Peer 1: 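Below is the structure I would like to discuss, written out as structure tokens.
Whatever order the structure lists ligands and atoms in, that order sets their numbers, starting from 1. These numbers were taken from a predicted model, which means no experiment stands behind them.
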Amino acid sequence: MDENSCLRCGNCCTQFGVCVTPYDIARIVECTGMKPEEFLSLIDDYPEREREEPAVLIDGKMKIVVLKRDLKEVCCFYSKDGCKIYECRPYLCRAYPFIIKEGKLAETKSRACIRCWKPKGEGKKQYSKDAKMYAKEVKEYWKIAEDWNSKGGGDFHSFLKFALQNSKVR
Ligand code: SF4
Ligand code: SF4
């Protein structure tokens, strides 16, 4: 493990709710056979949040869709051997702790990552590709969310159905 690599320590999987897009949800359903409600939960939207994902109107309140986590904030897919859904993990996880800013790979504003590192070479290319896909899917999620919110929202189950019908896995 060099200074340009993720340590795979799992620290970022055990600290906060991981936002997902409908595209992530569809991929996880396809690869695990789980129902969305089995691995998703909702948290209240809050003004100071730094993530890019939209809030959606569920039962009259603005909510953020995240992966389920336990009382200590550990992601439901985390195990001591690593991510249980590594092949279909959300794009936020794939790109973390980076985002695309002004067309370039940049660090997220606040990082749970314990290590100061930056990918290079092939690693950098992969992170850039994943961060671009993350940005693209988040943008498409905004359109879905705005459409849903403008119709007055509804319950979580109906939102999931609406979001999955209006997105397609690439
Ligand atoms: S889905 Fe996997 S990579 Fe993402 S936070 Fe959960 S355990 Fe970590
Ligand atoms: S991104 Fe940082 S905190 Fe997350 S697994 Fe890699 S080194 Fe650990």
Peer 1: Considering only heavy atoms, which of Val20, Leu92, Leu67, Asp24 lies nearest to atom 1 (S) of ligand 1?
Peer 2: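 Nearest heavy atom to atom 1 (S) of ligand 1 lies in Leu67.
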
Peer 1: Would you mind running through ligand 1 and noting each atom that sits below 4.0 Å from a heavy atom of Tyr78?
Peer 2: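 The atoms of ligand 1 under 4.0 Å from a heavy atom of Tyr78 are 7 (S).
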
Peer 1: Which word best sums up how the rings of Trp148 and Phe162 line up, parallel for under 30°, tilted for 30 to 60°, or perpendicular for over 60°?
Peer 2: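 Taking Phe162 first and then Trp148, their aromatic rings sit tilted (interplane angle of 30° to 60°).
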
Peer 1: Counting each atom of ligand 2 from 1 as listed, which ones have a heavy atom of Arg8 under 4.0 Å away?
Peer 2: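 Under 4.0 Å from Arg8, ligand 2 has these atoms: 5 (S), 6 (Fe).
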
Peer 1: What atoms of ligand 2 come within less than 4.0 Å of a heavy atom belonging to Asn11?
Peer 2: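 Near Asn11, the atoms of ligand 2 are 3 (S).
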
Peer 1: Salt bridge (Lys or Arg N to Asp or Glu O under 4.0 Å) for Glu122 and Lys125? Distances and angles first, verdict last.
Peer 2: CA-CA 5 Å; Glu122 284 307 308; Lys125 275 190 201 160; 3.2 Å; yes

Peer 1: Would you mind listing which atoms of ligand 2 come within a distance below 4.0 Å of any non-hydrogen atom of Gly10?
Peer 2: 5 (S)

Peer 1: Quick check on contacts: which atoms of ligand 1 are under 4.0 angstrom from a heavy atom of Phe77?
Peer 2: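 Within the 4.0 Å cut-off of Phe77, ligand 1 contributes 7 (S).
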
Peer 1: Salt bridge between Asp147 and Lys143, side-chain N to carboxylate O under 4.0 Å?
Peer 2: no

Peer 1: Any atoms of ligand 1 less than 4.0 Å from a non-hydrogen atom of Cys75? List them with their elements.
Peer 2: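 Those atoms are 1 (S), 5 (S), 6 (Fe), 7 (S).
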
Peer 1: With a 4.0 Å cut-off, would you call Asp45 and Lys63 a salt bridge?
Peer 2: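 No.
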
Peer 1: Looking only at protein heavy atoms, which one is nearest to atom 4 (Fe) of ligand 1, and how far off is it?
Peer 2: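 Of every protein heavy atom, Cys93 SG, 2.3 Å lies nearest to atom 4 (Fe) of ligand 1.
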
Peer 1: Locate the shortest heavy-atom distance separating Phe156 from Leu42; write the atom from each residue and the value.
Peer 2: CE1-CD2, 3.7 Å

Peer 1: For atom 8 (Fe) of ligand 1, what's the nearest protein heavy-atom neighbour? Residue, atom name and distance, please.
Peer 2: Cys13 SG, 2.4 Å

Peer 1: Which of the atoms in ligand 1, numbered in the order shown and given with their element, are less than 4.0 Å from a heavy-atom of Val18?
Peer 2: 5 (S)

Peer 1: Between Tyr91 and Glu137, is there a side-chain donor-acceptor contact under 3.5 Å, judged purely by atom types and distance?
Peer 2: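 Tyr91 and Glu137 do not have a side-chain donor-acceptor pair below 3.5 Å.
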
Peer 1: Could you measure the distance from the CD1 atom of Ile58 to the CZ atom of Phe159? Nearest 0.5 Å is fine.
Peer 2: 5.5 Å

Peer 1: Can you figure out which of Gly82, Cys113, Cys83, Cys12 has its heavy atom closest to atom 2 (Fe) of ligand 2?
Peer 2: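 Looking at heavy atoms only, the winner is Cys113.
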
Peer 1: Test Leu67 against every option in Val18, Leu92, Ile25, Asp24 by the side chain to side chain contact (heavy atoms under 4.5 Å, CB included) rule and name the one that passes.
Peer 2: Val18

Peer 1: Looking at Pro90, which atoms of ligand 1 are within less than 4.0 Å of one of its heavy atoms?
Peer 2: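 Once the distances to Pro90 are compared, the set is 1 (S).
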
